[in-house]
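Encoded as structure tokens, the structure appears first; notes follow it.
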Amino acid sequence: MNKLNVRERIDVLLDKNTFVEVDKYVKHHCTNFGMENKRIAGDGVVCGYGKIDGRLVFVYGFDFAVLGGSLSSANAQKIVKVQEMALKVGAPIIGLNDSGGARIQEGIESLTGFAHIFRRNVMSSGVIPQISAIMGPCAGGSCYSPALTDFILMVQDESQMFITGPNVVKQVTNEECDKESLGGASVHGSISGVANFVCQNDEECLMTIRELLGFLPSNNMEDAPIKPATDELTRICHELDNVVPADPNQSYDIRNIIEPICDQQYFFEIQPSWAKNIVIGFGRMAGRTVGFVANQPQEKSGALDIDASEKAARFIRFCDCFNIPIVAIEDVTGFLPGIQQEHNGIIRHGAKLVYAFAEATVPKVTLITRKAYGGAYIAMNSKQLGADVNLAYPTAEIAVMGAKGAVSILYRKETPEQQAERVKEYEEKFANPTMAAEHGFIDDIIEPADTRHALIQALEMCRNKNQSNPPKKHGNIPL
Ligand code: HXC
């Protein structure tokens, strides 16, 4: 299916015959530059509400055919109206963006419109899910509003996001680029991390929004919808027996652990192409939504770098806003060392991850499959940071660092033979979950085949968890 017009998009997005349009008669009042001759009923945005899988949602969609989908103050007024309705009744809002940004002919009035939209985006944040589809070129304010929402989806080869277009870039920095190389879906899906999903066409994008909403509650006072579990809760997963390789230096795909344990073995990954060393996404366990945050040993040995820390922290905070329990799956050698990481601020970015896990009050469960070293062990939802249930496979290694690294520091003056002995000694002591379990930092050591059952039991135990942080205006997460 090729590029759809805005009404076709809304038709595909919503359940059949549920769309109720609002403000279709609104016109702009601008008379600059001959604009009095370009007054169209509804102006450049289609707004209203309807249903997705029978649940109320609000929607606004830009019409690029009307002055490049540029934002007039009338368009802004229409969008703000549905934003306020969505917030008042506690329903998600979806923006279908295809817009050249502030309507140049209106000057400050158009800029003011963006400010009003941004303010509602911020007030709605953490109260109702806000989802932005980017379905055409989006410039200026038409990027910042989506950036304030929870999830951004882009359409490959059809959508771009940039603060200023290629012409302005050329004028200011003398850099040559086109719309796609500046801010296409591949750029934002895998380099900048701005986009959470890259879809092949409009239809896939709209269907992905429908699916995403299926995992989410309508607002922060509700629980996510429950999908009756037809998958046995005690299902033994023998396919997990050999996922973690015996050789600690060999990598594996952590999704081979996540997928088998989800209901129907289905995992809905988010941001799969950016910061691949951490995997995030939703699955269901016993019919209920779970947010997974997992180190990916097959990328950078799963090490936590700046991008991975940010990606995970933002997702954890989303889950916490919307009452979605978190399962962390851990196999991590540590925070990624290096000059570039240090100079770019791994300290403050890595701190976001620590902050997000420590602050979250939803049920928090951790499974250590293999390496759990140093600061990364603490950061990845450790018991000491406030996790509710911490489990480990017998292959777990919980230590300050790997055996060879430790011996090279502690016994660097010894002969290679002596060092080999020390490595063996260190491995016996730390290359297992025993010491952590003796201290109670690990609640139980489980066999891989029992993972699904054990995690479901942990989540069920925590279901009525009622924890709150000390009253405050808001915390000061290291941004
Ligand atoms: C009024 C606009 C417009 C705008 C596009 N059009 N952008 N009209 N205000 N912002 C009109 C064009 O004049 C054209 O009209 C039609 O829409 C289609 O635009 P094209 O340029 O032919 O389309 P395309 O080649 O696809 O390029 C799309 C585009 C480009 C990359 C978005 O139009 C562009 O660079 N527009 C300006 C982007 C921008 O700088 N916007 C302001 C951002 S500042 P005709 O009549 O010829 O069909 C901002 C402030 C936010 O948004 C403040 C908060 C931070």
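Just the heavy atoms: all of them, side chains too, but no hydrogens, waters or symmetry mates, feed the values below. When a ligand or atom number is given, it counts from 1 through the structure's own listing order. The residues of the chain are indexed from 1 along the displayed sequence.
Taking the ring centroids of F215 and F268, they lie under the 6.0 Å cut-off. Centroid-to-centroid, the aromatic rings of F267 and F282 stay 6.0 Å apart or farther.
One finds a salt bridge joining E21 and R7 here, because a Lys/Arg side-chain nitrogen approaches an Asp/Glu carboxylate oxygen to under 4.0 Å.
No side-chain donor-acceptor contact under 3.5 Å links E359 and N469.
Under the 4.5 Å side-chain criterion, counting only non-hydrogen atoms from C-beta, V46 is not in contact with F62.
Cation-pi geometry between K3 and F64 is satisfied (NZ or CZ under 6.0 Å from the ring centre, within 45° of the ring normal).
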For ligand 1, list all ligand N or O to protein N or O distances below 3.5 Å, rounded to 0.1 Å.
from, atom 1, to, atom 2, distance (Å)
ligand 1, 9 (N), I104, N, 3.1
ligand 1, 10 (N), G100, O, 3.1
ligand 1, 10 (N), A102, O, 2.8
ligand 1, 17 (O), G68, N, 3.1
ligand 1, 26 (O), K179, NZ, 3.0
ligand 1, 41 (N), G100, O, 2.7
ligand 1, 52 (O), A102, N, 3.0
ligand 1, 52 (O), G141, N, 2.9

